[in-house]
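Taking it in order: structure first as structure tokens, then the write-up.
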Amino acid sequence: MEKKDICELNIDEMKALMKEYKEPAFRAVQIYGWLHKNKAASFDEMNNIPKTLKEKLSADHFITIMNAEDVLISKLDGTRKYIFALYDGNVIEAVLMKYKHGNSVCISSQVGCAMGCRFCASTIDGCVRSLTAAEMLAEVYRIERDLGERISNIVIMGSGEPLENYDEVVRFLRMISDENGSNISARNITLSTCGIVPNIERLAGEGLPITLALSLHAPSQEKREEIMPIAKRYAIDEVLKACAYYYNETGRRLSFEYSVVKGVNDSEDEAHRLVRLLKRFAGGFKSHEGAFHVNIIPVNPIEEREYESPDRESVERFRLILEKNGINATVRREMGRDISSACGQLRRRHIKNADTGIN
Ligand code: SAH
């Protein structure tokens with residue numbers, strides 16, 4: 001029999017396994033705790049579990065762990081960028097950011113990405129495969145073990161489109177917020193999507209109070225189609241309607257991501273159009289007081305494209321237009337500037353170097 005991944009089992013499934021093994025139910029809580037609270041990397045570590053049960057567990061199961069192939073640590077702010085190797089040889093990226101309010105981890109949800117956004121490095125070679133919940137958990141756990149400090153916040157903003165990996169991402173969200181495990185509050189988790197409408201609506205009904213971030217990046221359908229191919233599948237109005245639905249159902253403040261690209265979507269005219277778009281959109285809310293804010297991200301240039309970041313002044317001008325018109329907007333501070341590399345770029349470089357043997 002092929003071994004199964006024990007880290008993929010939620011607490012109820014662990015209880016069912018113990019029943020199958022004719023073990024008492026409290027063992028399920030203990031084992032789940034070893035895996036998801038203590039972040040055990042082997043069955044041997046589980047020192048309050050009888051040897052016979054450990055043998056049974058390891059005969060049928062394995063534990064998913066991440067192997068760090070590369071870690072870059074910023075001298076400026078402690079940001080860490082990780083390249084993790086998966087069991088099948090694929091590699092992914094994850095990032096640790098240290099804030100005053102706590103440690104935040106940005107995880108990948110897929111190996112690569114199929115969405116094709118023009119400015120993003122993760123998507124250049126398409127999507128290889130989706131990650132399992134256990135692999136996403138292992139990204140967080142590996143970083144937590146490495147750091148020796150608690151992780152309090154998670155953003156699903158690394159490579160991949162989380163809503164194209166819906167079931168495993170929802171499993172991940174439930175397991176990481178389970179009080180028998182890591183117990184990270186769903187309120188401290190943000191999921192970023194390019195706008196997969198049916199799954200935004202589905203997510204609204206999961207009873208998970210996570211924050212939804214929508215990658216908007218353009219104030220009009222035409223411009224959005226130009227930089228995000230997914231816009232052809234889901235029109236901007238439809239996406240915003242789904243966001244309003246998400247807000248109305250969950251009461252969670254929305255975040256709109258807007259990556260500003262020089263000469264592409266950063267003009268004053270576009271800032272005004274964005275104001276008009278969001279004002280129209282706000283009409284769909286039950287109550288729109290503080291319902292959303294805009295996160296302006298100066299684009300991180302990638303080697304493969306000619307996109308450039310606008311200068312500081314034009315970014316600030318863009319932000320002020322939003323603010324003066326009553327739209328809450330912040331410019332995202334770049335973390336780990338000295339180890340900077342755009343989303344997905346570190347991974348691409350790692351793969352290229354491995355291919356040429358330079359590593
Ligand atoms: N697929 C999801 C999540 C991954 S991307 C999504 O589209 O939201 C996470 C965020 O990083 C998105 O807002 C994405 O547009 C942004 N991003 C990707 N590449 C970038 C780059 N080179 N510069 C700035 N932002 C980038």
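Read the numbers this way: they start at 1 and go in the same order the structure lists the ligands and their atoms. The model shown is predicted, which means the values in this text are computed figures rather than measured ones.
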Polar atom proximity, Ile156 to ligand 1 (N or O, under 3.5 Å):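 No; the residue has no nitrogen or oxygen that sits under 3.5 Å from a nitrogen or oxygen of the ligand.
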
Within the structure, does Glu257 bring an N/O atom to less than 3.5 angstrom of an N/O atom in ligand 1? no

Evaluation steps, side-chain hydrogen bond (donor to acceptor under 3.5 Å, both in side chains), between Tyr166 and Glu161: CA-CA 9 Å; Tyr166 190 87; Glu161 170 45 53; over 6 Å; no

Measuring from [atom], which candidate in [options] has the nearest non-hydrogen atom?
| atom | options | result |
| --- | --- | --- |
| atom 12 (C) of ligand 1 | Gly160, Ala213, Ser215 | Ser215 |
| atom 14 (C) of ligand 1 | Gln110, Glu164, Arg118, His217 | His217 |
| atom 10 (C) of ligand 1 | Pro162, Cys106, Ser159, Ser192 | Ser192 |

Any atoms of ligand 1 less than 4.0 Å from a non-hydrogen atom of [X]? List them with their elements.
| X | answer |
| --- | --- |
| Asn300 | 21 (C), 22 (N), 23 (N), 24 (C) |
| Gly158 | 4 (C) |
| Cys120 | 18 (C), 19 (N) |
| Cys194 | 6 (C), 7 (O), 8 (O) |

Between ligand 1 and Ser259, can you find any atom pair, the residue atom being a heavy atom, that is separated by under 4.0 Å?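 In this structure, Ser259 qualifies as a contact of ligand 1 - some heavy atom is under 4.0 Å.
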
First locate atom OG1 of Thr79, then atom OH of Tyr99, and finally report the distance between them rounded to the nearest 0.5 Å. 7.5 Å

Just how far is it from atom CZ of Arg187 to atom CZ of Arg252, taken to the nearest 0.5 Å?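 Reported to 0.5 Å precision, the distance equals 5.0 Å.
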
Test: [X] and [Y] ion pair at under 4.0 Å:
| X | Y | answer |
| --- | --- | --- |
| Lys262 | Asp266 | no |
| Glu270 | Arg273 | no |
| Arg348 | Glu303 | no |
| Arg150 | Glu144 | no |

Output yes when a side-chain donor or acceptor of Asp70 lies under 3.5 Å from a complementary backbone atom of Ile83, and no otherwise. no

Have a look at ligand 1 and work out which part of Thr193, if any, has a heavy atom under 4.0 Å from it: side chain, backbone, both or neither.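 For Thr193, only backbone atoms sit under 4.0 Å from ligand 1.
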
